[in-house]
Amino acid sequence: PQYPKFVWKPKIIDIGCGTGDQAIALAKQGFKMVGIDRSKGMILESNRRKQSIPKDAKDKVKFYCEDLTEERTALKEKFDAAIFMGNTIPHNPHNYQDVVRKAAGSLSEKGIMVFQITNFEKVLKTKKRFLSFNFAQLKDEPNKEYAFLEFYDEPNQKENTILKTFAILTGDGKRWKSSGVRNTLMAYVTKENIKKTLEKNGFSKISFYGGSFDGRSWDYLFRKPFEELKSDWLNVVAER
């Protein structure tokens with residue numbers, strides 16, 4: 001990923017770090033990184049991947065299995081930046097404002113925050129709630145084909161949430177059948193409400209950028225303006 005110069009701070013916390021790739025990449029560039037995720041499996045994988053990098057980078061990155069809204073070890077120090085990549089912040093459907101507030105409290109006086117958020121408006125208004133539909137085959141199952149479907153419900157405006165559905169279909173060349181459906185409730189985060197949340201937490205300079213994601217490759221995060229009906233991503237940089 002390419003970052004603008006003002007994001008390049010010496011001490012960064014990656015909130016919802018997943019498998020740790022983002023934190024590890026930044027540690028290789030010389031930044032002191034802390035990655036937190038509430039999934040034990042993700043943190044186990046993060047630490048596994050960490051073992052394969054050079055020692056000087058390995059010493060610069062630590063991973064913790066923690067939830068930002070609970071008592072934590074990772075945030076006892078101050079950070080120069082907090083990053084929420086890969087649509088992390090909407091995965092807090094009932095308390096994302098509280099997550100932003102606590103992350104802001106972990107920052108130094110001039111600390112910044114960076115968000116990468118799904119642009120729900122494009123999905124709802126341009127794609128008619130449809131997110132993606134892909135096919136795949138496994139080498140050891142040549143007679144089977146899998147289809148993966150993702151879509152969103154209309155947002156619940158009262159609770160400010162939105163439901164995402166992920167369905168898997170299996171085909172044997174004759175017919176298709178369902179192999180599972182998973183629902184994920186998310187916070188309905190838009191340009192307007194993330195701006196208000198950040199302003200309440202003392203961020204006066206808030207910049208918005210757009211980005212694209214075609215399912216195979218990632219676009220630059222901070223080179224294009226945000227366009228509500230065209231951008232796949234709502235990328236946000238907030239400075240005090």
Side-chain angles (χ1 to χ4, degrees), residues 1-68 72-75 77 79-92 96 99-100 103 106-107 111-119 131-132 134 136 138 148 150 164 166 182 184 186-187 189 209-224 231-238:
Q2 301 296 313
Y3 292 91
K5 291 182 180 178
F6 51 80
V7 176
W8 289 74
K9 301 285 184 174
K11 195 184 300 181
I12 303 172
I13 181 163
D14 184 357
I15 300 169
C17 64
T19 56
D21 292 339
Q22 195 84 33
I24 289 170
L26 288 170
K28 288 179 179 180
Q29 297 293 328
F31 299 99
K32 183 177 180 182
M33 297 298 304
V34 169
I36 68 170
D37 200 290
R38 55 194 173 205
S39 167
K40 291 182 180 179
M42 290 294 185
I43 294 302
L44 286 171
E45 179 61 19
S46 295
N47 282 310
R48 186 190 71 79
R49 296 188 183 197
K50 171 183 169 180
Q51 300 311 309
S52 63
I53 66 176
K55 186 180 184 304
D56 59 338
K58 190 185 301 182
D59 293 340
K60 290 183 173 67
V61 59
K62 296 179 180 178
F63 294 107
Y64 298 89
C65 183
E66 296 187 10
D67 191 318
L68 193 66
R72 52 205 183 275
T73 302
L75 301 188
E77 57 182 313
F79 295 89
D80 297 295
I83 60 176
F84 294 80
M85 309 307 290
N87 206 40
T88 291
I89 197 66
H91 282 272
N92 299 276
Y96 87 88
V99 173
V100 172
S106 74
L107 297 177
I112 68 171
M113 302 185 78
V114 178
F115 301 86
Q116 183 185 37
I117 303 167
T118 293
N119 178 18
L131 184 63
S132 68
N134 297 291
L138 300 177
F148 304 92
E150 293 179 282
K164 179 181 179 180
F166 177 72
R182 183 179 68 191
T184 303
M186 296 184 175
V189 183
Y209 303 88
S212 300
F213 178 48
D214 65 4
R216 296 178 297 276
S217 61
W218 294 79
D219 198 6
Y220 291 103
L221 299 179
F222 308 105
R223 291 191 178 183
K224 299 176 181 178
S231 302
D232 293 325
W233 293 108
L234 168 62
N235 302 318
V236 188
V237 179

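V236 pairs with exactly one of F115, Y209, F84 by the side-chain contact (heavy atoms from CB on, under 4.5 Å) rule, that one being F115.
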Report the C-alpha distance between M186 and N87 in whole Å, list the side-chain angles of each, state the deciding distance to 0.1 Å, and finish with yes or no for side-chain contact (heavy atoms from CB on, under 4.5 Å).
CA-CA 10 Å; M186 296 184 175; N87 206 40; 3.8 Å; yes

Taking it one step at a time, do E77 and I13 satisfy side-chain contact (heavy atoms from CB on, under 4.5 Å)?
CA-CA 10 Å; E77 57 182 313; I13 181 163; over 6 Å; no

After noting the C-alpha distance and the side-chain angles of I43 and C17, does the key distance pass the side-chain contact (heavy atoms from CB on, under 4.5 Å) rule?
CA-CA 8 Å; I43 294 302; C17 64; 3.9 Å; yes

Salt bridge (Lys or Arg N to Asp or Glu O under 4.0 Å) between D56 and K60: does it pass, once the steps are laid out?
CA-CA 7 Å; D56 59 338; K60 290 183 173 67; 5.1 Å; no

Under the side-chain contact (heavy atoms from CB on, under 4.5 Å) rule, what do S212 and K224 come out as? Steps first, then yes or no, please.
CA-CA 10 Å; S212 300; K224 299 176 181 178; 4.3 Å; yes

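Nearest heavy atoms, L107 versus A82: CD2-N, 3.7 Å. Closest approach of M113 and A103 over heavy atoms only: CE-CB, 3.5 Å. Of all heavy-atom pairs spanning T88 and M85, the tightest one is OG1-O, 2.6 Å.
Contact of the L131 side chain with the K164 side chain is registered, since non-hydrogen atoms from C-beta on lie closer than 4.5 Å. Within the 4.5 Å cutoff, the side chain of L26 has heavy atoms near those of the I83 side chain.
Listed by chain and number, the residues in a ring-ring contact (aromatic ring centres under 6.0 Å, His included) with Y96 amount to none (sequence neighbours excluded). Residues satisfying the ring-ring contact (aromatic ring centres under 6.0 Å, His included) test with F63, not counting sequence neighbours, are none.
In terms of modelled atom types and a separation under 3.5 Å, the side chain of N119 and the main chain of S231 share a donor-acceptor contact. Panel note: side chain Q116, backbone G86; a donor-acceptor pair is recorded below 3.5 Å. A donor-acceptor pair is defined here as one N or O able to donate and one able to accept, closer than 3.5 Å; no such pair exists between the side chain of T19 and the backbone of S46. In this structure, the side chain of Q29 does not engage the main chain of A25 through any donor-acceptor pair within 3.5 Å.
Using bins of under 30°, 30° to 60° and over 60° for the plane-to-plane angle, the ring pair F213/W233 lands in the tilted bin.
Taken from OG in S106 to CD1 in I36, the straight-line distance is 8.5 Å, to the nearest 0.5 Å. Separation of atoms SG (C65) and CG (N47) is listed at 10.5 Å; rounding is to 0.5 Å. D80 CG to F31 CZ: the interatomic distance, rounded to the nearest 0.5 Å, is 10.0 Å. To the nearest 0.5 Å, atom CD1 of residue I112 and atom CD1 of residue I12 are 7.5 Å apart. Within the model, atoms CG of N235 and CZ of F222 stand 6.0 Å from one another, a figure rounded to the nearest 0.5 Å. Note: K58 NZ to K50 NZ = 8.0 Å, rounded to the nearest 0.5 Å.
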